[in-house]
**Q** 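My questions all concern the structure below.
Counting convention: from 1, in listed order, for ligands and their atoms alike.
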Amino acid sequence: MAERFDVVVIGSGPGGYAAAIRCAQRGASVAVIEKELVGGTCLNCGCIPSKTLLASAHTLLLIKHAALMGVDVASASPNWPKIQARKEAVVTGFRKGLTGLIQSHKVKIIEGRGVVVAPNRIKVESQAGATEIEAGSIILATGSQPVQIPAFPFDGQTVISSKETLSLQEIPRSMVIVGGGVIGCEMACVYAAMGAKVTIVEALNRLIPMEDEWVGRLMEREFKKLGIDSLTSQKVTSVDKTGGAAKVVLESGQTIEAQKVLVSVGRRPVVDAETASALNLQMKGPAIAVNNKLQTNVPGVYAIGDAVGTTYLAHGAFAEADVAAVNATGGDETMGGYSLIPRAVYTFPEIASVGKNEQTCNAEGLDVSVGRAFFKANGRSTAHNETIGEIRAVRAVSTNRIIGVTMVGASVTELAGAARTLIGTTEKITELSFPHPSVSEVLKEAAEDAFGLSLHNPPR
Ligand code: FAD
């Protein structure tokens, strides 16, 4: 007889493992099926390895700028095999820890490809063969994969995705990055800091185009200082791999030689074709269509994370996992406030935002007042020689409340949670105490400025 679980989760990334643990915490018997590595994209070839490499790159830059802090250092250079080994150790350590954590919640981890054959039956295909299990409810958390460009598809060697870029054997002399979004810009920082000649080609008119225009312009300026060339409003039309290095051809006719070409033009949900067809799953473009309870069109089948194409963020997947887990175990929860899920880019300098930015407000015709505060005016930031960037807080005139915060500067991703708590704040922000001197004061100052109450900005 087929083994039966109250809930079966397919995929063990942030969405899948979080949903599995939440269901178990609510008393359900749970299995999670994983066809590759526990932890999914985020842990194995996404958030964690990229941030680990960025940390090495940041260390290198700090040492290179040590003289500015009055510290003489003879020299600093990357030891790439050690950097890669450290990254592997971080990822492996977390994977081991996560596997143990999942099991400690009595969630069964089943290795193999999960295919839903009926709303409560799942076939698991593994090297050992195929078995079937039964489920009261099913949560699809199958993640996403990088989008290819048909004119120059991934070859795993020269034209590569973020996955290969995170594990290169050596630092390339040169790299062209097609796409100036989050992943492209983070990888640009890693390899530029390591000494590669990096060129970003972005089809839109600025880097990080989902954020306000000023953010992209500021990043372009800062990237120049790192030696990164940003070619915006430009498209790559072909990649000629006949010689030693690839010749990247732009629409303008310009060519750039590069040892590696990273294509980072977005990600696309992974939806198992057999599952979709067996369930007659309703789709929304390439993603699984869900309502605000994360229910698909099939009763008892939920979908979350990158597979539903909402945020393409690990913490977005966590939030959806919470909602789906409650609903899959007899509760009634609704997903709300997508705009309150913070966005973070771990570049040099970092970018973080939450709520509505200026361009969204303009598009919606909202009457807003924008407060600004600068890191160069902050004591702690200046002490750390981290004076680049600013924070902007957006106040809706109609409600007189903060509705969005956008930040560019050192470690602003760590301020994103605090910025989230400012959403909905009134001018009472002036009464809140922030430690002095601290970088977080810039956040308070920007919010105060949105009410015309900045202490350290001259009167407007
Ligand atoms: P995934 O993490 O992709 O997990 C899906 C899992 O499902 C995979 O393990 C896959 O093998 C498995 N699977 C798929 N189909 C089946 C099947 N049929 N049977 C069994 N198993 C299956 N997000 C952030 O919030 N912060 C970051 O800093 C960040 N950095 C990133 C850096 C990079 C380079 C990349 C590529 C992504 C980054 N992301 C980041 C995005 C983040 O990784 C994803 O949003 C997150 O992993 C989505 O979680 P998920 O659970 O939906 O899917």
Side-chain angles (χ1 to χ4, degrees), residues 8-20 31-55 87 91 95 98 109-117 122-126 133 138-147 160-167 177 179 181-190 262-276 278 287-288 290 294 302-321 324 341-347 350-352 413 416:
V8 171
V9 183
I10 304 186
S12 70
Y17 86 74
V32 60
I33 307 172
E34 174 54 61
K35 69 179 166 71
E36 288 177 26
L37 296 171
V38 168
T41 304
C42 180
L43 173 50
N44 298 293
C45 50
C47 326
I48 303 303
S50 59
K51 267 79 256 180
T52 310
L53 292 183
L54 279 160
K87 180 213 73 185
V91 170
R95 190 162 60 234
L98 179 61
I109 300 174
I110 303 175
E111 286 175 24
R113 170 182 166 229
V115 180
V116 185
V117 290
I122 300 124
K123 178 177 66 174
V124 184
E125 291 175 349
S126 68
I133 56 173
I138 296 170
I139 300 177
L140 303 171
T142 46
S144 64
Q145 62 194 4
V147 169
I160 54 178
S161 74
S162 56
K163 188 172 181 180
E164 292 83 36
T165 308
L166 290 166
S167 297
I177 299 179
V182 176
I183 293 174
C185 286
E186 289 186 357
M187 289 300 104
C189 288
V190 169
L262 161 62
V263 176
S264 52
V265 291
R267 295 183 65 86
R268 186 186 168 83
V270 169
V271 185
D272 189 277
E274 269 187 68
T275 297
I288 302 172
V290 285
L294 282 320
Y302 301 80
I304 56 173
D306 285 7
V308 298
T310 42
T311 67
Y312 291 100
L313 291 169
H315 48 288
F318 284 143
E320 290 169 341
I341 293 176
R343 305 168 291 273
V345 191
Y346 298 77
T347 36
E350 294 184 349
I351 305 165
T413 56

**Q** Taking NZ, NE, NH1 and NH2 as the nitrogens, is one of them in Glu186 or Lys51 under 4.0 Å from a carboxylate oxygen of the other?
**A**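 Answer for the salt bridge query: yes.
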**Q** At less than 3.5 Å, what protein N or O atoms come close to the N or O atoms of ligand 1? Include the distances to 0.1 Å.
**A**
residue, atom, partner, partner atom, Å
ligand 1, 2 (O), Thr41, N, 2.9
ligand 1, 3 (O), Thr41, OG1, 2.6
ligand 1, 9 (O), Glu34, OE1, 2.7
ligand 1, 9 (O), Glu34, OE2, 2.9
ligand 1, 11 (O), Glu34, OE2, 2.6
ligand 1, 18 (N), Gly114, O, 3.0
ligand 1, 19 (N), Gly114, N, 2.8
ligand 1, 21 (N), Lys35, N, 3.1
ligand 1, 23 (N), Ala314, N, 3.4
ligand 1, 25 (O), Ala314, N, 2.8
ligand 1, 25 (O), His315, ND1, 3.3
ligand 1, 28 (O), Lys51, NZ, 2.7
ligand 1, 30 (N), Lys51, NZ, 3.2
ligand 1, 45 (O), Asp306, OD1, 2.9
ligand 1, 45 (O), Asp306, OD2, 3.3
ligand 1, 45 (O), Tyr312, O, 3.3
ligand 1, 45 (O), Leu313, N, 3.3
ligand 1, 45 (O), Ala314, N, 3.4
ligand 1, 47 (O), Cys42, N, 3.3
ligand 1, 51 (O), Pro14, N, 3.4
ligand 1, 51 (O), Gly15, N, 2.9
ligand 1, 52 (O), Asp306, N, 2.9

**Q** Provide the closest heavy-atom pair for Pro49 versus Cys42 in the form atom of the first, atom of the second, distance.
**A**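 Heavy atoms of Pro49 and Cys42 come nearest at CD-O, 3.7 Å.
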**Q** Quiz question: by atom type and distance under 3.5 Å, do the side chains of Thr413 and Glu350 form a donor-acceptor pair?
**A** yes
**Q** Distance-only criterion, 3.5 Å: show the donor-acceptor pairs between side-chain atoms of residues 302-314 and protein atoms not counting sequence neighbours.
**A**
residue, atom, partner, partner atom, Å
Tyr302, OH, Asn327, O, 3.0
Asp306, OD2, Ser144, OG, 2.8
Thr310, OG1, Glu320, OE2, 2.5
Thr311, OG1, Leu313, N, 3.1

**Q** Please determine whether the number of non-hydrogen atoms from other residues, nucleotides or ligands lying under 6.0 Å from atom CD of Glu111 exceeds 12.
**A** no
**Q** Might you point out which heavy atoms bring Lys163 and Cys45 nearest each other, and give the distance in Å?
**A** CG-CB, 3.9 Å
